[in-house]
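A short write-up of the structure that comes next.
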Amino acid sequence: MRIEGKGLIDRAHPVRFSFDGTSYGGYRGDTLASALLANGVRLMGRSFKYHRPRGPLTAGSEEPNALVEIHGKTNQTPNVRATVQEIFDGLEARSQNRLGSLKYDLLEVNDLLAPFFSAGFYYKTFMWPRAFWESVYEPMIRRAAGLGRLSGKHDEGAYEKAWAWCDLLVIGAGPAGLMAALTAARAGAQVILADETPILGGRLASDGGMIGGEPALVWAAAVEAELRSLPNVRIMTRTTITGAYDNGTYGALERVGLHRPAKANLPRECFWRIVARRAVLAAGAMERPVAFPDNDRPGIMLTSAVRTYLNRYGVVPGQRITIFDGSETGRALARELMAAGVQVAGIIDPRPDASSLEDCPVHLGAEVVGSRGRLGLSGITVRKGAETFEVETDCLAISGGWNPTLHLTCHMNGRPRWAEDLMAFVPMEGAVPGLVAAGAAAGRFSTHGALAGGQAAAQGALADLGFKVPDIALPEAEDAPCQPRALWAVAAEGRAWVDFANDVTTKDVRLAAQENYRSVEHMKRYTTQGMAPDQGKNSNVAALAVLADATGRSIPETGITTFRPPYVPVSIAAMGAGGRGAGFAPQRLMTSDQASRDRMAPMIEAGLWYRPSYFPKPGETTWKEACDREVMMVRNAVGVADVSTLGKIDIQGRDAARFLDLVYTNTFSTLPVGRVRYGLMLREDGMVLDDGTSARLGENHFLMTTTTAAAGLVMRHLDFVHQAFCADWDLRFISVTESWAQFAVAGPKARALLNSMLDAPLGDVPFMGLASVPVGGVEARLFRISFSGEEGYEIAVPTRYGEALFRDLLARAETMGGGPYGMEALNVLRIEKGFVTHAEIHGRVTAFDIGMAKIVSAKKDCIGKAASQRPGLSGPERQQLVGLRSFAPLTAGAHLFRPGAVIGQAADEGYSTSTCWSPTLNCWLALAFLTDGRARLGEQVRLVDHLRGKDVVCDVCDPVFLDPDGGRMRA
Amino acid sequence: MRLTCPLCGDRDRREFHYYGSDAYLDRPAEGAAPAAWDDYLHNRDNPAGLTKDLWYHEQGCAQWLVVTRNTVTHEVSAVELVAGRAGA
Amino acid sequence: MPELIAKEAWQGQAAVTRAGLVLAPLQDRPIWSVALFPGGADGAATALESLGLGFPEPNRWVSAAEVRLVWTGRAQAFLMGAEPPAGLAGHAAVTDQSGGWAGVSLSGPAGPEALARLVPVDLRPGSFPAGAAIRAPVNHMSAVILRTGPETVEVWVFRSMARTLWHELTEVLARFEARATVAG
């Protein structure tokens, strides 16, 4: 029911929305919960386990009951708290966790079976047969007990992530937060003021009151206006600080587009990482419910929530309201309700001596011991001394005292401290370095306490940071003493809920204690208390108080479970914002990219690079046809491939050669200028890190090549060796991968192709030689190296000429019966020659394993040499690189066995790493590692691949299948 | 977590690559006994308290850093350049 | 004989304006890495005098006319806009990086706020003032970032990643624009 003239909603802007298909009206500024309550809808959900009818317990982000699905055009979002979701025109909300309708949920039968569903029920019941765990029990339990549903589709919504920096982060914009922000802002500090609601003021918007002689909200508005006028202040509304992390880093979730119709490119949420030099936690406090039998009916809600609905939204959740509260706050609420013309049917106050109230019955020394109403509250049972009586009511406000919102102070392993005078946990000072709690979050519940605490916290931070602390007179405000209450549970027969969200009752907690789950951590896991989306915000303290009672310990002795981030549920999409699609990883494109795509080459990823897989010709229907053709083209004519992705590192200095000697197993100081040498690099543990060629461009100048896959890894390794072991050497190096476009030209006609385009005919460039050659007036580097086994060259030009050179090379090659070749052909060519890639040097092989022990120089030290000589890293027990041949298809990743062996782990003798069909040799080839392989050439092994159904006997041979003498390369 | 790179300043940990103990800096001399290599490569302390480890400012200045931090309090008390340390 | 036509990193890419921010591709220019050898600082400084430039402090860049010297690492700077003076040899390793980098400028008062979506470093003028140049990531890309005007920041990444940089920035600007239209 809406109350005229009350609330901060915008009555000039009516809004229409729907809930479970029914259209309702509300106002801008309403939450889904306030708007539904205004329409007389109390039933908003079904409970997790027992499918009990539920309505909102709170008016904030800690809501355990009123969770709904929000359906948009492209998004379906489950478990949205109706108390947080703002309404807008077209909002479509649906209730969740029901079978049938919300009013006639077929799974309500669970509630009748409740005697069987106590804590540990699942663990004890669904034990046998084991085969039923996944196939029967789990799907059944998941269907019955649960939350909202996902759409099953990709989340196509826009999300954002962002960074922010400040001197002072103020968390919460109630009186403490506003005062802290104002103090820091006037000092000139960079301030971020974050609040999870759309407006500033915190409880002032719900509780009213006076500050500095004027209505509290007038004061708050003046502070807000000043803060908004200052360039050093950023106000972030609808933003929840979700976590406190090391060194002043805070996570925050901003609801950007969730409160309005979807709009293209508008982020739904933004996940912020805020770096703050200091922080003030002014998050206020949360009211605790009281456990009494059937305390979970729609219509039973916290006193603070009723007050918020009344004063902030102009809504009363009932016509005859009762209040179960042992403090003056309950009296204040009763007065406000009566002033608004709402009937208050009674105040039930457990204190034996407390004030009375005009026009309203006050039952002192009384407790609520029961409730009635199938889909919503219709009456309560009150016990006073020996007598009980019924009170007709459709809304009961309950209060079991207040818990400071101290969760963030526990995010870095901090534990809260029990304050007996407040009957509450309060933050442990210094638990998060740089963060100070103020106001109700620190256990100071009066408005004056909030203002003074906020100011003091900001002043402390300013002094720490070296700011001049401004002198601001503290405005006058009420300073009523805290009225500590310890009413956790009413002693009465029946199920009394502690954790509404996970359907945990006081009985469950006592059962846990009885079954010896006495530790609060064990009780939590046994009962699931505190493990629902609200993470026990409403129930933790009460649950441990019940546990303390059941185990005969005090609350501080019992302790509290750990609060961990995030403080509120955070969508994975928000945390992963920017990481979908093209944002997942940078796409590195070669200069030949467009030319390859022009030829319809499918591109494949190689690290971050995109490389052409093959170049299909008209009439070719499979990749293999194109690949076979390209291989034979290189073997018989000439092929061109872009190899710019190989890492290129320019190394200079008088100690450059000495450095290469240190990082390569073989010697480079002896390499003549103008020559290229193959090099093998080890990790310090003796395993092969990478291989490649290095060219000596000058006496003190080398160009190192790494594999595409390991380019970054090698750079990191070289930086380490340089900085850790020889920082004082005359040596500098830098990646030049991006500065050069480099193309392999390979095949018997390679020289002819080059000669047709170079400005001067190619002189005598020996195998592993290098020359500087002008092409079209551009100085190019020519390396005579081969990764195909054919006469091969790699020609490099500055990147800007790459595309032009590639297109020119292709055009010329095609007149000679050649053309481009892609990664598939490149792979076949190198397997035929037995050249290794990271499929073979995968991090667990030694130089010995790949047959290169001879290039680990005996004459000098190098990284990894000592470790590579350890026992067990060489010898016949090692799995060694061999070739396998077969006429039946082979697969990589298959395991090798002796013919006749029993297939199984014990008989495993190795595995294949690379395979291909060789159009040159007309058979299948594989590179493989085989125990004592080099001594077994000519034998047969069985290649078994259970995953792909292969079981092939093949011949073991030398890994260099083609041209073992290298005559073709040296031609 | 944040680290103050001696060159780049205060930066988020996402910019850094973690490697391991600073023991990797004390490479045994050529010909050292196998036990020395075993210690160098494999044997590490797991202290509750101060520890020194190596981080690489991969997304920044590409410098290797020795970070002194407390595994209990998470406090970072020093960040030094590997290349700038005494005797390097 | 082939005619090799040079292709700019941003060939054909026009500037875009969104939400009051101008994202513009920058022309290729000569870029040379100047990395000092141990003990090479004085000799390099003498050689650089011919360009009117001193070697920049960490996280700074200096310029004379159109020529810049931008700090990019320990005892390392990028000379942008000119060929290196001959006298550097022996004092510094000089390496051609031209064409290996692609740069954009982002101009407008909200530039730092937009870049805060991708760069984990505060680029507001107070902490990233005139003359500042840093190495920092742009989402997953390694970048060199310079303040070149009161409201202008330049971002340089590897040339092969140019398209990704453009994609990331235009996506940020689109979100930014959508936010601006619903502000309040």
Most heavy-atom pairs under 4.5 angstrom with chain C, which of Ser739(A), Ala811(A), Gly776(A)?
-> Ser739(A)
What part of Asp759(A) lies closer than 4.5 angstrom to a heavy atom of chain C: side chain, backbone, both or neither?
-> both
Any idea which of Glu8(C), Gln76(C), Glu3(C), Arg124(C) has the most non-hydrogen atom pairs under 4.5 angstrom with chain A?
-> Arg124(C)
Presence of salt bridge, Glu699(A) and Arg654(A), under 4.0 angstrom | no
Counting only heavy atoms closer than 4.5 Å, note whether Arg175(C) contacts chain A via side chain, backbone, both or neither.
-> both
Anything under 30° is parallel, anything over 60° is perpendicular, the rest tilted; go ahead and classify Phe659(A) against Phe733(A).
-> parallel
Hey, is the main chain of Val94(C) close enough, under 3.5 Å, to the side chain of Gln652(A) for a donor-acceptor pair?
-> yes
Which word best sums up how the rings of Trp101(C) and Phe78(C) line up, parallel for under 30°, tilted for 30 to 60°, or perpendicular for over 60°?
-> perpendicular
Picking from Glu168(C), Met161(C), Met141(C), Gln97(C), which has the most non-hydrogen pairs under 4.5 angstrom with chain A?
-> Gln97(C)
Measuring heavy-atom distances to chain C, does Ala164(A) have an atom under 4.5 Å in its side chain, in its backbone, in both, or in neither?
-> neither
Polar side-chain atom of Ser127(C) near backbone of Leu123(C) as donor-acceptor pair, under 3.5 Å = no
Chain C contact via Phe584(A) - which portion, at a heavy-atom distance below 4.5 Å | backbone
Give, as side chain, backbone, both or neither, the part of Val119(C) having an atom under 4.5 angstrom from any heavy atom of chain A.
-> backbone
Give the C-alpha distance, both sets of side-chain angles, the deciding distance and a yes or no for salt bridge (Lys or Arg N to Asp or Glu O under 4.0 Å) between Arg580(A) and Glu171(C).
-> CA-CA 12 Å; Arg580(A) 281 194 62 215; Glu171(C) 186 150 275; over 6 Å; no
Atom group of Ala158(A) that falls short of 4.5 Å from chain C, counting heavy atoms = both
Max heavy-atom pairs within cutoff under 4.5 Å with chain C, candidates Val736(A), Val778(A), Val256(A), Leu608(A), goes to Val256(A)
The interface call for Trp740(A) against chain C, heavy-atom contacts under 4.5 Å, is neither
Under 4.5 Å to a heavy atom of chain C? For Ile651(A) that would be neither
In terms of heavy-atom pairs under 4.5 Å with chain A, the winner among Asn139(C), Leu36(C), Val157(C) is Leu36(C)
Segment of Phe806(A) engaging chain C (4.5 angstrom heavy-atom cut-off) | neither
Measuring heavy-atom distances to chain C, does Arg812(A) have an atom under 4.5 Å in its side chain, in its backbone, in both, or in neither?
-> side chain
Would Glu605(A) and Arg611(A) count as a salt bridge (Lys or Arg N to Asp or Glu O under 4.0 Å) if you check the C-alpha gap in whole Å, the side-chain angles of each, and the deciding distance to 0.1 Å?
-> CA-CA 6 Å; Glu605(A) 291 171 46; Arg611(A) 303 186 73 177; over 6 Å; no
Value for OG1 (Thr152(C)) from CG (Leu146(C)), rounded to nearest 0.5 Å, stands at 11.5 Å
Would you call Arg18(C) and Glu177(C) a salt bridge, using N to O less than 4.0 angstrom?
-> yes
Largest heavy-atom contact set with chain C, pairs under 4.5 Å, which of Arg273(A), Glu160(A), Met590(A), His701(A) = Glu160(A)
Do Arg268(A) and Glu156(A) sit within salt-bridge range, that is, some charged N less than 4.0 Å from a carboxylate O?
-> no
Could you tell me whether a side-chain N or O of Trp10(C) sits under 3.5 Å from a main-chain N or O of Gly103(C), the two making a donor and an acceptor?
-> yes
In plain terms, say whether Lys7(C) and Glu803(A) are close enough for a salt bridge, that is, a side-chain N and a carboxylate O under 4.0 Å apart.
-> yes
Heavy-atom distances under 4.5 Å only: say whether Pro586(A) touches chain C with side chain, backbone, both or neither.
-> both
Salt-bridge criterion met for Arg29(C) and Glu66(C) (N-O under 4.0 Å) = no
Partner chain C: residue of Thr237(A), Leu809(A), Val775(A) with the largest heavy-atom pair count (under 4.5 Å) = Val775(A)
Give a yes-or-no answer on whether the side chains of Asp167(A) and Gln190(A) include a donor-acceptor pair shorter than 3.5 Å.
-> no
Scored by heavy-atom pairs under 4.5 Å with chain A, the best of Leu115(C), Asp28(C), Val121(C) is Val121(C)
Portion of His167(C) that has a non-hydrogen atom of chain A nearer than 4.5 angstrom = side chain
Contact class of Ala9(C) relative to chain A, heavy atoms under 4.5 angstrom | neither
Given a strict heavy-atom distance threshold of 4.5 Å, which part of Asp730(A) is in contact with chain C: side chain, backbone, both, or neither?
-> both
Checking Lys263(A) against chain C: side chain, backbone, both or neither under 4.5 Å from a heavy atom?
-> side chain
Part of Asp655(A) within contact of chain C (heavy atom distance under 4.5 Å) | neither
